*Asks:* 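Sharing a structure, written as structure tokens. Questions coming.
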Protein chains: 2
Amino acid sequence: MKNVPLATVERVAKYLRCLNRLREKGIKVVSSKELAEHTRTSPEQVRKDLSYFGRFGKTGTGYDTQKLSRKLERILKAQRKWNVCIIGAGSLGSALARYQGFKDTGYNVVALFDSDPEKIGEKMGQAEVYDIENFKDVVKKKDIKMAILAVPKESIEEIEELLSKANNIRGILNFVPVTIKLKTRRKVAIIDVDLAQKLYILSYLIKRGREMT
Amino acid sequence: MKNVPLATVERVAKYLRCLNRLREKGIKVVSSKELAEHTRTSPEQVRKDLSYFGRFGKTGTGYDTQKLSRKLERILKAQRKWNVCIIGAGSLGSALARYQGFKDTGYNVVALFDSDPEKIGEKMGQAEVYDIENFKDVVKKKDIKMAILAVPKESIEEIEELLSKANNIRGILNFVPVTIKLKTRRKVAIIDVDLAQKLYILSYLIKRGREMT
DNA sequence: GGCTGTGAAGGAATTCACAGCC
DNA sequence: GGCTGTGAATTCCTTCACAGCC
């Protein structure tokens with residue numbers, strides 16, 4: 001397993017989702033062509049992507065959905081059930097806590113954080129809302145490794161402060177339309193999800209008459 | 001304006017967001033270096049990206065935030081105020097309707113759709129919830145060009161049907177963790193936002209010790 | 001000195017083309 | 001015939017390096 005392109009990892013996550021769906025439907029075998037159609041890519045791409053991790057297919061037949069999905073799961077989540085928290089229990093935060101796509105991924109939302117006393121103690125999805133004051137403690141106790149940011153952008157600086165100090169947190173999924181900056185030496189992976197940006201890109205694709213993911 | 005890389009367009013949307021923020025703060029001029037820091041990329045990248053569209057900077061000084069933001073807006077087609085709808089007025093749909101990142105983007109959420117009679121007529125964010133039965137009519141009347149999908153995955157097939165027939169819809173932002181497929185000849189741009197996938201990628205980045213967007 | 005803009009070089013990701021297998 | 005796996009070719013994207021300007 002040499003240097004895997006990031007783009008490949010992104011697609012592999014898609015293949016996995018697709019395979020699980022096929023398995024649910026009772027489909028046992030799938031070809032690279034079919035998998036490509038379901039994930040909007042090319043058969044060659046599928047095969048090349050998979051080849052980074054090993055040889056999973058049967059020549060002339062295709063891939064065993066069950067086996068392949070197990071393999072990909074292992075590859076993607078490094079077989080670790082990571083705990084995740086959501087910061088901000090407003091409408092977006094609570095929606096994310098209930099998001100059905102997290103099911104069967106190995107990621108568990110185990111806590112939300114907010115400063116509103118009204119919300120503290122409330123249950124959202126599987127998790128409870130904690131006082132943001134206790135952030136560091138709860139993160140430690142619950143062994144939380146990743147945070148999803150869904151606060152209003154006005155309070156982002158306060159949260160940056162908090163995250164800079166919480167040494168457990170190693171990854172951040174940021175929904176706040178602001179580029180965050182941590183004051184820390186340790187490496188923290190950050191992915192920004194800017195929904196407005198997605199709309200811009202959609203317009204661009206429409207103009208160009210293309211599709212994408 | 002030759003063939004612009006998609007990656008460039010994605011970053012340009014980020015620059016725009018950043019510029020608007022700087023303008024709000026009263027900052028008049030910004031260098032490629034500063035812009036790069038705010039968007040987690042390199043100064044060369046910023047300059048190269050912008051150079052696809054023209055020459056906007058002043059040598060030795062930097063970029064006029066106001067002017068540049070106007071230019072980028074035009075490039076991204078933000079000056080066309082496209083109307084957007086959200087299909088599914090559950091927790092995610094209603095959160096998206098209220099999402100603050102859509103402000104000042106040129107995109108307006110003008111309608112939500114749901115089948116739950118309880119919700120129909122309710123106001124969420126700026127928009128009202130309409131009966132999904134009237135989808136085609138409302139889309140036409142309100143001149144809606146893009147749809148955001150936030151329905152439970154069980155009802156996705158029904159929605160695919162609907163979207164296949166609504167000729168106005170030219171772009172789809174899909175939050176349902178399923179690859180959608182339209183039965184139509186016309187070109188529809190689709191962007192999938194799979195949040196579970198983002199978490200997988202986050203783990204991958206953490207393991208690799210990198211950052212990204 | 002500090003900055004932009006851009007060809008050229010380098011690196012990364014995708015597509016091609018075909019060998020090998022059932 | 002239909003499929004996988006993969007080096008080679010190609011296309012796409014980023015980084016370098018420097019010319020030109022204030």
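Being a predicted model, the structure only gives us computed values, none of them experimental. Note on naming: letters A, B, ... go to the chains in the order of the sequence lines (proteins, then strands), and numbering restarts at 1 for each one.
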*Asks:* Do any side-chain nitrogens or oxygens of A:R11 fall under 4.0 Å of OP1 or OP2 in C:dT14?
*Replies:* yes

*Asks:* Is there a side-chain polar atom (N or O) of A:T61 under 4.0 Å from OP1 or OP2 of D:dC3?
*Replies:*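 The answer is no; no side-chain N or O of A:T61 sits under 4.0 Å from OP1 or OP2.
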
*Asks:* Could you tell me how far apart A:K48 (NZ) and D:dG7 (C1') are, to the nearest whole angstrom?
*Replies:*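 Interatomic distance, NZ of A:K48 to C1' of D:dG7: 7 Å.
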
*Asks:* Examine the side chains of A:T179 and B:R17 and answer whether a donor and an acceptor come within less than 3.5 Å of each other.
*Replies:*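 Result is yes, a qualifying pair exists.
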
*Asks:* Atom CZ of A:R55 to atom P of C:dA19: distance rounded to whole Å?
*Replies:*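 Answer to the nearest Å: 16 Å.
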
*Asks:* Would you kindly give the CD-to-P distance between B:E44 and C:dG11, to the nearest whole Å?
*Replies:*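 Value for this atom pair: 15 Å.
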
*Asks:* What integer distance in Å separates A:L68:CG from D:dT4:P?
*Replies:* 11 Å

*Asks:* Taking any heavy-atom pair under 4.0 Å as a contact, classify B:K33: base, sugar-phosphate, or nothing.
*Replies:*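 Here B:K33 touches no strand at all.
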
*Asks:* Would you say B:Q45 reaches D:dC13's phosphate, i.e. side-chain N/O to OP1/OP2 under 4.0 Å?
*Replies:*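 No, no such contact exists.
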
*Asks:* What integer distance in Å separates B:L6:CG from D:dC13:C1'?
*Replies:* 11 Å

*Asks:* So does B:S42 get a side-chain nitrogen or oxygen closer than 4.0 Å to the phosphate oxygens (OP1/OP2) of D:dT15?
*Replies:*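 Yes, such a contact exists.
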
*Asks:* With nearest nucleotide decided by heavy atoms, which residue, A:T59 or A:T8, maps closer to the 5′ end of DNA chain C?
*Replies:*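 Final value for this comparison: A:T8.
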
*Asks:* Can you check the A:R40 CZ to C:dT14 P distance for me, whole Å?
*Replies:* 16 Å

*Asks:* If you pin B:Y63 and B:G60 to their nearest nucleotides in DNA chain C, which one's is more 5'?
*Replies:*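 It is B:G60, whose closest nucleotide lies nearer the 5' terminus.
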
*Asks:* First locate atom CG of B:L163, then atom CG of B:L182, and finally report the distance between them rounded to the nearest 0.5 Å.
*Replies:* 6.0 Å

*Asks:* Checking only heavy atoms, does the side chain of A:R47 share a donor-acceptor pair with the base of D:dG5 at less than 3.5 Å?
*Replies:* yes

*Asks:* For A:N83 and A:D143, test the side chains for any donor-to-acceptor distance below 3.5 angstrom and give the result as yes or no.
*Replies:*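 Distance-only check fails for A:N83 and A:D143.
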
*Asks:* In whole angstrom, what separates B:F53's CZ from C:dG5's C1'?
*Replies:*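 Computing the B:F53:CZ to C:dG5:C1' distance gives 15 Å.
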
*Asks:* A:Q100 and B:P152: which non-hydrogen atoms are nearest, and at how many Å?
*Replies:* NE2-CA, 3.3 Å

*Asks:* Hey, do the aromatic rings of B:Y107 and A:Y200 have their centres closer than 6.0 Å?
*Replies:*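 That pair passes the under 6.0 Å test.
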
*Asks:* Any donor-acceptor pair under 3.5 Å linking the side chain of B:T65 with the backbone of B:I27?
*Replies:*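 Checked: pair present.
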
*Asks:* Using both pair distances under 3.5 Å as the test, note the stems of at least 3 consecutive Watson-Crick or G-U pairs that include DNA chain D.
*Replies:* C:1-22 with D:1-22

*Asks:* OH of A:Y52 versus C1' of C:dA13: gap in Å, rounded?
*Replies:* 7 Å

*Asks:* Are A:Y63 and A:F56 close enough that their ring centers fall under 6.0 Å?
*Replies:* no

*Asks:* Would you mind telling me which residue lines up with the more 5' stretch of DNA chain D, B:D49 or A:G57, judged by nearest nucleotide?
*Replies:*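 That would be A:G57.
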
